[in-house]
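Following: one structure in C-alpha coordinates, then a few remarks.
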There are 2 protein chains.
Amino acid sequence: MEWQTFIEHQPFLEHVPPGLRKATECRKAVAGEMLFRVGNPVRSLFCVATGEVQLVRHDLRGTKIILQRSRGGFIAEASLGSKAYHCDGVVSETGMLLCFPLAAFRAALEEDAPFRNVWMGLLAREVRKLRAQCERLSLNGAAERVIHYIESEGIHDAITLNQSRKAWASELGLSHEVLYRTLKRLGEQGLLRIDGSRISLVRESNDGDGAREPTASKQRT
Amino acid sequence: MEWQTFIEHQPFLEHVPPGLRKATECRKAVAGEMLFRVGNPVRSLFCVATGEVQLVRHDLRGTKIILQRSRGGFIAEASLGSKAYHCDGVVSETGMLLCFPLAAFRAALEEDAPFRNVWMGLLAREVRKLRAQCERLSLNGAAERVIHYIESEGIHDAITLNQSRKAWASELGLSHEVLYRTLKRLGEQGLLRIDGSRISLVRESNDGDGAREPTASKQRT
DNA sequence: CGTACTTTTGAATCGCATCAAATCTGGTGG
DNA sequence: CCACCAGATTTGATGCGATTCAAAAGTACG
(Lines give C-alpha, C1' and ligand atoms only; values in the text may rest on other atoms or scores of the structure.)
Protein backbone atom coordinates (compact mmCIF):
# COMPACT_ATOMS: atom_id res chain seq x y z
CA MET A 1 0.00 0.00 0.00
CA GLU A 2 1.22 3.50 -0.81
CA TRP A 3 1.95 6.50 1.32
CA GLN A 4 -0.38 8.54 -0.82
CA THR A 5 -3.22 6.36 0.36
CA PHE A 6 -2.39 6.93 4.00
CA ILE A 7 -1.95 10.65 3.61
CA GLU A 8 -5.52 10.96 2.44
CA HIS A 9 -6.66 9.48 5.73
CA GLN A 10 -4.04 11.13 7.94
CA PRO A 11 -3.05 14.51 6.53
CA PHE A 12 -0.22 14.98 9.02
CA LEU A 13 1.65 12.06 7.43
CA GLU A 14 2.30 14.41 4.55
CA HIS A 15 4.94 16.04 6.71
CA VAL A 16 6.91 12.87 7.33
CA PRO A 17 10.24 13.53 5.62
CA PRO A 18 11.43 11.16 2.84
CA GLY A 19 14.27 9.75 4.92
CA LEU A 20 11.91 8.56 7.61
CA ARG A 21 9.43 7.22 5.07
CA LYS A 22 12.00 4.88 3.64
CA ALA A 23 12.79 3.52 7.09
CA THR A 24 9.16 2.94 7.94
CA GLU A 25 7.61 -0.48 7.87
CA CYS A 26 4.02 -0.76 6.79
CA ARG A 27 2.11 -3.84 7.79
CA LYS A 28 -1.23 -5.35 8.58
CA ALA A 29 -2.31 -5.67 12.19
CA VAL A 30 -4.87 -8.28 13.10
CA ALA A 31 -7.42 -7.81 15.86
CA GLY A 32 -6.17 -9.37 19.07
CA GLU A 33 -2.50 -8.87 18.28
CA MET A 34 -0.31 -7.32 20.96
CA LEU A 35 1.90 -4.55 19.60
CA PHE A 36 3.75 -4.26 22.90
CA ARG A 37 3.40 -5.04 26.58
CA VAL A 38 4.12 -3.23 29.82
CA GLY A 39 7.85 -3.13 30.37
CA ASN A 40 8.83 -3.83 26.77
CA PRO A 41 11.56 -1.52 25.50
CA VAL A 42 10.33 1.13 23.08
CA ARG A 43 11.69 0.36 19.61
CA SER A 44 9.09 1.81 17.27
CA LEU A 45 6.41 4.44 17.16
CA PHE A 46 3.14 3.21 15.74
CA CYS A 47 0.70 5.09 13.60
CA VAL A 48 -2.71 3.56 13.07
CA ALA A 49 -3.64 4.10 9.42
CA THR A 50 -6.83 2.04 9.51
CA GLY A 51 -8.43 -0.17 12.13
CA GLU A 52 -8.10 0.51 15.83
CA VAL A 53 -5.43 0.10 18.49
CA GLN A 54 -5.92 0.51 22.21
CA LEU A 55 -3.61 1.33 25.07
CA VAL A 56 -4.84 -0.75 27.98
CA ARG A 57 -4.01 -1.48 31.56
CA HIS A 58 -5.46 -3.97 34.01
CA ASP A 59 -6.20 -3.28 37.62
CA LEU A 60 -5.73 -5.71 40.48
CA ARG A 61 -8.86 -7.68 39.74
CA GLY A 62 -8.22 -7.88 36.03
CA THR A 63 -10.70 -5.21 34.98
CA LYS A 64 -9.58 -3.75 31.67
CA ILE A 65 -9.05 0.00 31.57
CA ILE A 66 -8.65 1.71 28.20
CA LEU A 67 -6.17 4.56 28.42
CA GLN A 68 -6.12 5.52 24.77
CA ARG A 69 -8.03 4.48 21.72
CA SER A 70 -6.59 5.36 18.36
CA ARG A 71 -8.38 5.10 15.06
CA GLY A 72 -6.08 6.94 12.73
CA GLY A 73 -3.17 8.76 14.28
CA PHE A 74 -0.42 7.77 16.63
CA ILE A 75 -0.75 5.46 19.56
CA ALA A 76 1.35 5.89 22.69
CA GLU A 77 3.01 9.08 21.40
CA ALA A 78 4.42 9.70 24.85
CA SER A 79 6.49 6.53 24.65
CA LEU A 80 8.93 8.56 22.56
CA GLY A 81 10.15 10.03 25.82
CA SER A 82 10.56 6.84 27.82
CA LYS A 83 12.62 3.68 27.74
CA ALA A 84 9.84 1.18 28.27
CA TYR A 85 6.08 1.01 27.76
CA HIS A 86 3.79 1.75 30.66
CA CYS A 87 0.79 -0.03 29.15
CA ASP A 88 -0.15 -2.80 26.77
CA GLY A 89 -0.88 -1.98 23.14
CA VAL A 90 -3.50 -4.25 21.60
CA VAL A 91 -5.08 -4.23 18.18
CA SER A 92 -8.83 -4.01 18.71
CA GLU A 93 -9.77 -3.88 15.04
CA THR A 94 -7.84 -5.24 12.10
CA GLY A 95 -6.16 -2.60 9.96
CA MET A 96 -2.94 -1.15 8.58
CA LEU A 97 -0.09 0.04 10.73
CA LEU A 98 2.93 2.26 10.14
CA CYS A 99 5.91 1.33 12.28
CA PHE A 100 8.50 4.09 12.59
CA PRO A 101 11.86 2.92 13.91
CA LEU A 102 12.62 4.96 17.02
CA ALA A 103 16.08 6.15 15.99
CA ALA A 104 14.95 7.27 12.57
CA PHE A 105 12.00 9.05 14.06
CA ARG A 106 14.19 10.92 16.53
CA ALA A 107 16.57 11.85 13.74
CA ALA A 108 13.73 13.19 11.62
CA LEU A 109 12.51 15.32 14.52
CA GLU A 110 16.02 16.64 14.92
CA GLU A 111 16.53 17.59 11.30
CA ASP A 112 13.17 18.48 9.90
CA ALA A 113 11.62 21.59 11.42
CA PRO A 114 8.13 21.40 9.84
CA PHE A 115 7.78 17.76 10.80
CA ARG A 116 8.87 18.57 14.32
CA ASN A 117 6.30 21.33 14.62
CA VAL A 118 3.54 19.04 13.48
CA TRP A 119 4.67 16.50 16.06
CA MET A 120 4.70 19.01 18.89
CA GLY A 121 1.26 20.12 17.81
CA LEU A 122 0.02 16.54 18.05
CA LEU A 123 1.46 16.19 21.54
CA ALA A 124 -0.17 19.42 22.64
CA ARG A 125 -3.49 18.31 21.22
CA GLU A 126 -3.21 15.05 23.11
CA VAL A 127 -2.61 16.94 26.35
CA ARG A 128 -5.71 19.05 25.83
CA LYS A 129 -7.78 16.01 24.96
CA LEU A 130 -6.65 14.21 28.07
CA ARG A 131 -7.41 17.22 30.23
CA ALA A 132 -10.91 17.26 28.79
CA GLN A 133 -11.31 13.61 29.65
CA CYS A 134 -10.17 14.18 33.22
CA GLU A 135 -12.65 17.00 33.50
CA ARG A 136 -15.38 14.71 32.20
CA LEU A 137 -14.52 11.87 34.55
CA SER A 138 -14.61 14.20 37.51
CA LEU A 139 -18.22 15.07 36.78
CA ASN A 140 -20.53 13.05 38.96
CA GLY A 141 -23.62 12.25 36.99
CA ALA A 142 -24.10 10.09 33.93
CA ALA A 143 -26.05 12.68 31.98
CA GLU A 144 -23.45 15.35 32.57
CA ARG A 145 -20.69 13.11 31.27
CA VAL A 146 -22.59 12.22 28.13
CA ILE A 147 -23.33 15.85 27.40
CA HIS A 148 -19.78 16.91 28.17
CA TYR A 149 -18.54 14.26 25.77
CA ILE A 150 -20.69 15.50 22.95
CA GLU A 151 -19.76 19.10 23.66
CA SER A 152 -16.05 18.46 23.71
CA GLU A 153 -15.57 15.63 21.22
CA GLY A 154 -18.42 16.38 18.85
CA ILE A 155 -18.72 18.78 15.94
CA HIS A 156 -21.58 21.23 16.16
CA ASP A 157 -22.95 19.42 19.21
CA ALA A 158 -23.17 16.10 17.40
CA ILE A 159 -21.12 12.93 17.30
CA THR A 160 -21.10 9.77 15.26
CA LEU A 161 -20.05 6.92 17.50
CA ASN A 162 -17.26 4.85 16.06
CA GLN A 163 -17.49 2.23 18.78
CA SER A 164 -20.14 0.18 20.55
CA ARG A 165 -22.11 1.88 23.28
CA LYS A 166 -20.72 -0.59 25.72
CA ALA A 167 -17.20 0.55 24.88
CA TRP A 168 -18.33 4.16 25.06
CA ALA A 169 -19.67 3.51 28.54
CA SER A 170 -16.28 2.42 29.77
CA GLU A 171 -14.67 5.46 28.17
CA LEU A 172 -17.14 7.56 30.15
CA GLY A 173 -16.39 5.65 33.33
CA LEU A 174 -19.92 4.26 33.56
CA SER A 175 -21.48 0.83 33.52
CA HIS A 176 -23.12 0.12 30.19
CA GLU A 177 -26.53 -0.27 31.79
CA VAL A 178 -26.43 3.24 33.17
CA LEU A 179 -25.36 4.63 29.82
CA TYR A 180 -28.28 2.95 28.04
CA ARG A 181 -30.75 4.23 30.59
CA THR A 182 -29.29 7.71 30.54
CA LEU A 183 -29.42 7.94 26.75
CA LYS A 184 -33.02 6.79 26.78
CA ARG A 185 -33.99 9.28 29.44
CA LEU A 186 -32.24 12.18 27.75
CA GLY A 187 -33.90 11.20 24.50
CA GLU A 188 -37.35 11.13 26.07
CA GLN A 189 -36.72 14.51 27.65
CA GLY A 190 -35.88 15.90 24.25
CA LEU A 191 -32.39 16.90 25.29
CA LEU A 192 -30.77 14.42 22.93
CA ARG A 193 -31.54 13.26 19.43
CA ILE A 194 -30.47 9.69 18.74
CA ASP A 195 -30.36 8.12 15.28
CA GLY A 196 -28.43 4.89 15.52
CA SER A 197 -24.84 5.88 16.06
CA ARG A 198 -25.56 9.54 15.38
CA ILE A 199 -26.19 11.42 18.59
CA SER A 200 -26.77 15.13 18.81
CA LEU A 201 -27.49 17.65 21.50
CA VAL A 202 -30.71 19.60 21.37
CA ARG A 203 -30.15 23.10 22.66
CA GLU A 204 -33.28 24.50 24.21
CA SER A 205 -34.05 27.90 22.82
CA ASN A 206 -35.32 29.07 26.22
CA ASP A 207 -38.46 30.73 24.79
CA GLY A 208 -41.62 28.68 24.31
CA ASP A 209 -42.40 25.29 25.78
CA GLY A 210 -42.08 25.85 29.50
CA ALA A 211 -42.37 22.16 30.39
CA ARG A 212 -38.66 21.49 30.67
CA GLU A 213 -36.10 21.10 33.36
CA PRO A 214 -33.65 23.97 33.67
CA THR A 215 -30.65 22.16 32.18
CA ALA A 216 -28.85 18.89 31.98
CA SER A 217 -28.83 18.24 35.69
CA LYS A 218 -30.84 16.52 38.35
CA GLN A 219 -33.37 15.05 35.96
CA ARG A 220 -36.01 13.11 37.78
CA THR A 221 -38.96 11.10 36.66
CA MET B 1 15.84 37.33 41.71
CA GLU B 2 18.38 35.35 39.75
CA TRP B 3 18.14 32.50 37.31
CA GLN B 4 20.59 30.54 39.38
CA THR B 5 18.07 30.51 42.20
CA PHE B 6 15.35 29.14 39.96
CA ILE B 7 17.55 26.51 38.41
CA GLU B 8 18.13 24.98 41.80
CA HIS B 9 14.40 24.47 42.14
CA GLN B 10 13.69 23.59 38.51
CA PRO B 11 16.67 21.83 36.95
CA PHE B 12 15.21 21.91 33.44
CA LEU B 13 15.49 25.71 33.45
CA GLU B 14 19.20 25.17 33.07
CA HIS B 15 18.55 24.32 29.45
CA VAL B 16 16.81 27.58 28.66
CA PRO B 17 19.12 29.25 26.14
CA PRO B 18 20.57 32.71 26.92
CA GLY B 19 18.57 34.44 24.22
CA LEU B 20 15.30 33.32 25.73
CA ARG B 21 16.47 34.13 29.24
CA LYS B 22 16.99 37.73 28.33
CA ALA B 23 13.48 37.97 26.90
CA THR B 24 11.88 36.43 29.96
CA GLU B 25 10.09 38.48 32.52
CA CYS B 26 10.29 37.40 36.10
CA ARG B 27 7.66 38.62 38.47
CA LYS B 28 5.73 37.99 41.63
CA ALA B 29 2.28 36.43 41.37
CA VAL B 30 -0.17 37.02 44.19
CA ALA B 31 -2.73 34.45 45.27
CA GLY B 32 -6.05 35.14 43.61
CA GLU B 33 -4.53 36.76 40.53
CA MET B 34 -5.77 35.58 37.14
CA LEU B 35 -2.92 34.88 34.74
CA PHE B 36 -5.34 34.35 31.87
CA ARG B 37 -8.94 33.50 31.16
CA VAL B 38 -10.76 31.20 28.75
CA GLY B 39 -10.59 32.68 25.28
CA ASN B 40 -7.66 35.01 25.96
CA PRO B 41 -5.02 34.90 23.23
CA VAL B 42 -1.87 33.05 24.23
CA ARG B 43 0.99 35.55 24.55
CA SER B 44 3.28 33.97 27.10
CA LEU B 45 4.20 30.62 28.55
CA PHE B 46 4.31 30.58 32.31
CA CYS B 47 6.67 28.69 34.52
CA VAL B 48 5.85 28.50 38.20
CA ALA B 49 9.12 28.93 40.10
CA THR B 50 7.55 29.05 43.55
CA GLY B 51 3.97 29.14 44.79
CA GLU B 52 1.15 27.43 42.95
CA VAL B 53 -0.91 28.07 39.84
CA GLN B 54 -4.02 26.18 38.82
CA LEU B 55 -5.72 25.60 35.51
CA VAL B 56 -9.42 25.64 36.28
CA ARG B 57 -12.73 25.35 34.56
CA HIS B 58 -16.27 25.79 35.86
CA ASP B 59 -19.18 23.58 34.99
CA LEU B 60 -22.73 24.74 34.45
CA ARG B 61 -23.53 25.12 38.13
CA GLY B 62 -20.30 26.91 38.93
CA THR B 63 -18.52 23.98 40.50
CA LYS B 64 -14.78 24.50 40.18
CA ILE B 65 -12.81 21.78 38.43
CA ILE B 66 -9.04 21.79 38.66
CA LEU B 67 -7.47 20.58 35.43
CA GLN B 68 -3.86 21.14 36.34
CA ARG B 69 -2.04 22.18 39.44
CA SER B 70 1.52 23.33 39.05
CA ARG B 71 3.99 23.89 41.87
CA GLY B 72 7.24 24.30 40.05
CA GLY B 73 7.23 23.65 36.35
CA PHE B 74 5.17 24.92 33.48
CA ILE B 75 1.48 25.59 33.54
CA ALA B 76 -0.69 25.10 30.46
CA GLU B 77 2.20 23.79 28.36
CA ALA B 78 -0.26 22.73 25.70
CA SER B 79 -1.26 26.32 25.10
CA LEU B 80 1.89 26.60 23.01
CA GLY B 81 -0.02 24.83 20.28
CA SER B 82 -3.21 26.86 20.34
CA LYS B 83 -4.32 30.41 19.70
CA ALA B 84 -6.41 30.92 22.81
CA TYR B 85 -6.64 29.45 26.30
CA HIS B 86 -9.17 26.75 27.00
CA CYS B 87 -9.19 27.29 30.75
CA ASP B 88 -8.61 29.93 33.38
CA GLY B 89 -5.20 30.26 35.00
CA VAL B 90 -5.37 31.38 38.61
CA VAL B 91 -2.64 31.84 41.17
CA SER B 92 -3.60 29.71 44.16
CA GLU B 93 -0.51 30.46 46.22
CA THR B 94 1.69 33.54 46.07
CA GLY B 95 5.06 32.96 44.44
CA MET B 96 7.45 33.80 41.63
CA LEU B 97 6.63 33.41 37.99
CA LEU B 98 8.68 33.25 34.81
CA CYS B 99 6.86 34.63 31.79
CA PHE B 100 8.33 33.53 28.48
CA PRO B 101 7.16 35.58 25.51
CA LEU B 102 5.57 33.20 23.04
CA ALA B 103 7.56 34.24 19.99
CA ALA B 104 10.90 34.04 21.79
CA PHE B 105 9.98 30.66 23.19
CA ARG B 106 9.09 29.32 19.75
CA ALA B 107 12.33 30.69 18.35
CA ALA B 108 14.33 29.01 21.09
CA LEU B 109 12.66 25.69 20.37
CA GLU B 110 13.49 26.16 16.73
CA GLU B 111 17.16 26.92 17.24
CA ASP B 112 18.26 25.11 20.34
CA ALA B 113 18.18 21.34 20.04
CA PRO B 114 18.88 20.39 23.67
CA PHE B 115 16.28 22.82 24.94
CA ARG B 116 13.79 21.43 22.45
CA ASN B 117 14.42 17.89 23.60
CA VAL B 118 13.87 18.82 27.21
CA TRP B 119 10.63 20.49 26.21
CA MET B 120 9.37 17.47 24.28
CA GLY B 121 10.28 15.34 27.26
CA LEU B 122 8.17 17.55 29.51
CA LEU B 123 5.22 17.27 27.16
CA ALA B 124 5.53 13.50 27.03
CA ARG B 125 5.72 13.32 30.81
CA GLU B 126 2.58 15.41 31.06
CA VAL B 127 0.76 13.03 28.72
CA ARG B 128 1.72 10.04 30.85
CA LYS B 129 0.71 11.83 34.02
CA LEU B 130 -2.67 12.71 32.57
CA ARG B 131 -3.25 9.15 31.43
CA ALA B 132 -2.53 7.98 34.95
CA GLN B 133 -5.06 10.46 36.28
CA CYS B 134 -7.71 9.26 33.84
CA GLU B 135 -7.02 5.71 34.90
CA ARG B 136 -7.41 6.74 38.54
CA LEU B 137 -10.65 8.62 37.96
CA SER B 138 -12.14 5.65 36.19
CA LEU B 139 -11.68 3.51 39.29
CA ASN B 140 -14.90 3.29 41.24
CA GLY B 141 -14.09 3.24 44.90
CA ALA B 142 -12.52 5.85 47.12
CA ALA B 143 -9.92 3.50 48.61
CA GLU B 144 -8.76 2.34 45.20
CA ARG B 145 -8.23 5.90 44.03
CA VAL B 146 -6.25 6.84 47.11
CA ILE B 147 -4.01 3.82 46.73
CA HIS B 148 -3.61 4.32 43.01
CA TYR B 149 -2.57 7.91 43.70
CA ILE B 150 0.11 6.88 46.14
CA GLU B 151 1.35 4.15 43.83
CA SER B 152 1.61 6.38 40.80
CA GLU B 153 2.52 9.78 42.26
CA GLY B 154 4.45 8.67 45.30
CA ILE B 155 8.03 7.59 45.75
CA HIS B 156 8.53 4.19 47.30
CA ASP B 157 4.82 3.96 48.05
CA ALA B 158 4.80 7.18 50.03
CA ILE B 159 3.73 10.74 49.38
CA THR B 160 4.01 14.03 51.17
CA LEU B 161 0.90 16.04 50.47
CA ASN B 162 1.63 19.53 49.27
CA GLN B 163 -1.99 20.59 49.45
CA SER B 164 -4.92 20.40 51.83
CA ARG B 165 -6.83 17.15 51.99
CA LYS B 166 -9.87 18.95 50.79
CA ALA B 167 -8.01 19.95 47.63
CA TRP B 168 -6.68 16.43 47.30
CA ALA B 169 -10.21 15.11 47.45
CA SER B 170 -11.23 17.16 44.47
CA GLU B 171 -8.15 16.00 42.57
CA LEU B 172 -9.29 12.45 43.29
CA GLY B 173 -12.82 13.24 42.17
CA LEU B 174 -14.25 12.66 45.64
CA SER B 175 -16.09 14.73 48.19
CA HIS B 176 -13.79 15.71 51.03
CA GLU B 177 -15.93 13.87 53.59
CA VAL B 178 -15.44 10.58 51.81
CA LEU B 179 -11.72 11.12 51.58
CA TYR B 180 -11.45 11.77 55.32
CA ARG B 181 -13.45 8.66 56.13
CA THR B 182 -11.54 6.54 53.66
CA LEU B 183 -8.17 7.61 55.02
CA LYS B 184 -9.32 6.88 58.53
CA ARG B 185 -10.62 3.46 57.58
CA LEU B 186 -7.50 2.50 55.64
CA GLY B 187 -5.39 3.67 58.56
CA GLU B 188 -7.38 1.57 61.02
CA GLN B 189 -7.03 -1.44 58.76
CA GLY B 190 -3.30 -0.99 58.75
CA LEU B 191 -3.17 -0.53 55.00
CA LEU B 192 -2.04 3.06 55.28
CA ARG B 193 0.33 4.88 57.58
CA ILE B 194 -0.59 8.52 58.12
CA ASP B 195 1.69 11.06 59.79
CA GLY B 196 0.29 14.49 59.15
CA SER B 197 0.87 15.18 55.49
CA ARG B 198 3.07 12.12 55.09
CA ILE B 199 1.06 9.16 53.85
CA SER B 200 2.54 5.81 53.00
CA LEU B 201 1.27 2.50 51.79
CA VAL B 202 1.78 -0.57 53.96
CA ARG B 203 2.45 -3.60 51.83
CA GLU B 204 1.28 -6.76 53.51
CA SER B 205 3.97 -9.41 53.42
CA ASN B 206 1.36 -12.13 52.91
CA ASP B 207 2.90 -14.51 55.51
CA GLY B 208 1.89 -14.19 59.13
CA ASP B 209 -1.08 -12.24 60.48
CA GLY B 210 -4.04 -13.88 58.79
CA ALA B 211 -6.54 -11.29 59.96
CA ARG B 212 -6.44 -9.14 56.84
CA GLU B 213 -8.50 -8.60 53.77
CA PRO B 214 -6.94 -9.90 50.53
CA THR B 215 -5.99 -6.54 49.04
CA ALA B 216 -7.05 -2.98 48.65
CA SER B 217 -10.58 -3.77 47.61
CA LYS B 218 -14.02 -4.21 49.03
CA GLN B 219 -13.01 -3.35 52.56
CA ARG B 220 -15.88 -3.77 54.93
CA THR B 221 -16.29 -3.21 58.61
C1' DC C 1 -9.23 37.50 69.80
C1' DG C 2 -11.87 36.81 65.95
C1' DT C 3 -12.57 35.18 61.40
C1' DA C 4 -12.18 32.00 57.74
C1' DC C 5 -11.01 27.66 56.45
C1' DT C 6 -9.97 22.91 57.16
C1' DT C 7 -10.80 18.76 59.50
C1' DT C 8 -13.91 15.56 61.48
C1' DT C 9 -18.15 12.97 62.47
C1' DG C 10 -23.18 11.97 61.85
C1' DA C 11 -27.41 11.02 59.32
C1' DA C 12 -30.33 10.76 55.27
C1' DT C 13 -30.79 10.30 50.44
C1' DC C 14 -29.78 9.38 45.74
C1' DG C 15 -27.54 7.38 41.90
C1' DC C 16 -24.57 4.05 40.19
C1' DA C 17 -22.86 -0.75 40.15
C1' DT C 18 -24.24 -5.20 40.10
C1' DC C 19 -26.81 -9.30 39.22
C1' DA C 20 -30.30 -11.33 36.18
C1' DA C 21 -32.65 -12.19 32.19
C1' DA C 22 -34.72 -11.34 27.68
C1' DT C 23 -34.18 -9.57 23.06
C1' DC C 24 -31.72 -8.14 19.20
C1' DT C 25 -27.69 -8.11 16.17
C1' DG C 26 -24.13 -9.53 12.96
C1' DG C 27 -21.47 -13.06 11.43
C1' DT C 28 -20.28 -18.32 10.77
C1' DG C 29 -20.87 -22.60 9.13
C1' DG C 30 -23.94 -26.35 7.77
C1' DC D 1 -30.94 -19.91 3.18
C1' DC D 2 -31.34 -21.00 7.75
C1' DA D 3 -29.74 -22.48 12.33
C1' DC D 4 -26.79 -20.97 15.62
C1' DC D 5 -23.68 -18.47 18.48
C1' DA D 6 -21.27 -14.56 20.61
C1' DG D 7 -21.68 -10.21 21.71
C1' DA D 8 -24.36 -5.95 22.12
C1' DT D 9 -28.58 -3.94 23.63
C1' DT D 10 -32.34 -3.32 26.74
C1' DT D 11 -35.10 -3.58 31.00
C1' DG D 12 -35.88 -4.83 35.97
C1' DA D 13 -34.68 -5.28 40.89
C1' DT D 14 -31.52 -4.69 44.68
C1' DG D 15 -27.75 -3.04 47.71
C1' DC D 16 -23.93 -0.31 48.58
C1' DG D 17 -21.24 3.60 48.50
C1' DA D 18 -20.78 8.29 47.44
C1' DT D 19 -23.02 12.77 47.71
C1' DT D 20 -25.21 15.94 50.37
C1' DC D 21 -26.75 18.52 54.32
C1' DA D 22 -25.55 19.62 59.04
C1' DA D 23 -22.84 20.71 62.80
C1' DA D 24 -18.83 20.76 65.84
C1' DA D 25 -14.02 21.05 66.79
C1' DG D 26 -9.47 22.22 65.31
C1' DT D 27 -6.14 25.51 63.07
C1' DA D 28 -3.89 29.36 60.72
C1' DC D 29 -3.54 34.13 60.22
C1' DG D 30 -4.10 39.04 60.73
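In what follows, every chain begins at residue 1, and chains take the letters A, B, ... in the order their sequences are listed. Please read all numbers here as calculations on a predicted model, not as lab measurements.
- The separation between A:Leu174 atom CG and D:dA18 atom P is 15 Å, rounded to whole Å.
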Atom pairs and distances, donor-acceptor, side-chain atoms in residues 83-90 of chain A, under 3.5 Å, two or more places apart:
unit_1	atom_1	unit_2	atom_2	d
A:Tyr85	OH	A:Ser44	O	3.1
A:His86	ND1	A:Ala84	O	3.3
A:Asp88	OD1	A:Val38	N	2.8

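- One atom, CG of A:Leu139, and another, C1' of C:dC16, lie 15 Å apart when rounded to the nearest Å.
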Going through the checks in order, is the salt bridge (Lys or Arg N to Asp or Glu O under 4.0 Å) test met by B:Glu153 and B:Arg136? CA-CA 11 Å; B:Glu153 304 279 325; B:Arg136 188 181 312 133; 3.4 Å; yes
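- Identified under the side chain to side chain donor-acceptor pair (under 3.5 Å) test for residues 68-77 of chain A, with sequence neighbours left out: A:Glu52-A:Arg69, A:Glu52-A:Arg71, A:Gln68-A:Glu77, A:Gln68-B:Arg131, A:Arg69-A:Asn162, A:Arg69-A:Gln163, A:Arg71-A:Glu93, A:Glu77-B:Arg131.
- In the model, A:Arg193 has no side-chain atom that pairs as donor or acceptor with a side-chain atom of A:Ser200 under 3.5 Å.
- The C1' atoms of five pairs define one axis at each end of the helix from C:dC1-D:dG30 to C:dG30-D:dC1, and these two axes lie 50° apart (to 10°).
- Contact record, B:Arg165 with B:Gly196: NH2-O, 2.6 Å, taken as the closest heavy-atom pair.
- Looking at B:Arg203 and B:Glu151, a side-chain N of the basic residue comes within less than 4.0 Å of a carboxylate O on the acidic one, giving a salt bridge.
- Scored by the side-chain contact (heavy atoms from CB on, under 4.5 Å) test, A:Arg43 finds A:Pro41 as partners (sequence neighbours excluded).
- Distance, B:Leu172 CG to D:dT19 C1': 16 Å, rounded to whole Å.
- Taking 4.5 Å as the limit, some side-chain heavy atom of B:Leu201 sits within range of a side-chain heavy atom of B:Leu192.
- In this structure, A:Glu144 atom CD and D:dA18 atom P are separated by 18 Å, rounded to whole Å.
- What separates CD of A:Glu188 from C1' of D:dT10 is a distance of 13 Å, to the nearest Å.
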Could you run down nucleotides 3-10 of chain C 5' to 3' and tag each one B, S or - for protein heavy-atom contact under 4.0 Å? ---SBBBB
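- Note on B:Glu33 versus B:Arg27: salt bridge recorded, some NZ/NE/NH1/NH2 to OD/OE distance being below 4.0 Å.
- A pairwise comparison of heavy atoms in A:Gln10 and A:Gly72 identifies NE2-CA, 3.0 Å as the closest pair.
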Any chance you could lay out the ring-ring contact (aromatic ring centres under 6.0 Å, His included) test for B:Phe12 and B:Trp119, step after step, and finish with the verdict? CA-CA 9 Å; B:Phe12 66 83; B:Trp119 176 251; 8.6 Å; no
I'd like a list of close polar pairs between nucleotides 28-30 of chain D and the protein, N/O only, cut-off under 3.5 Å.
none

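- B:Asn140 has its CG atom 13 Å from the C1' atom of C:dG15, to the nearest Å.
- Distance, A:Leu161 CG to D:dA8 P: 14 Å, rounded to whole Å.
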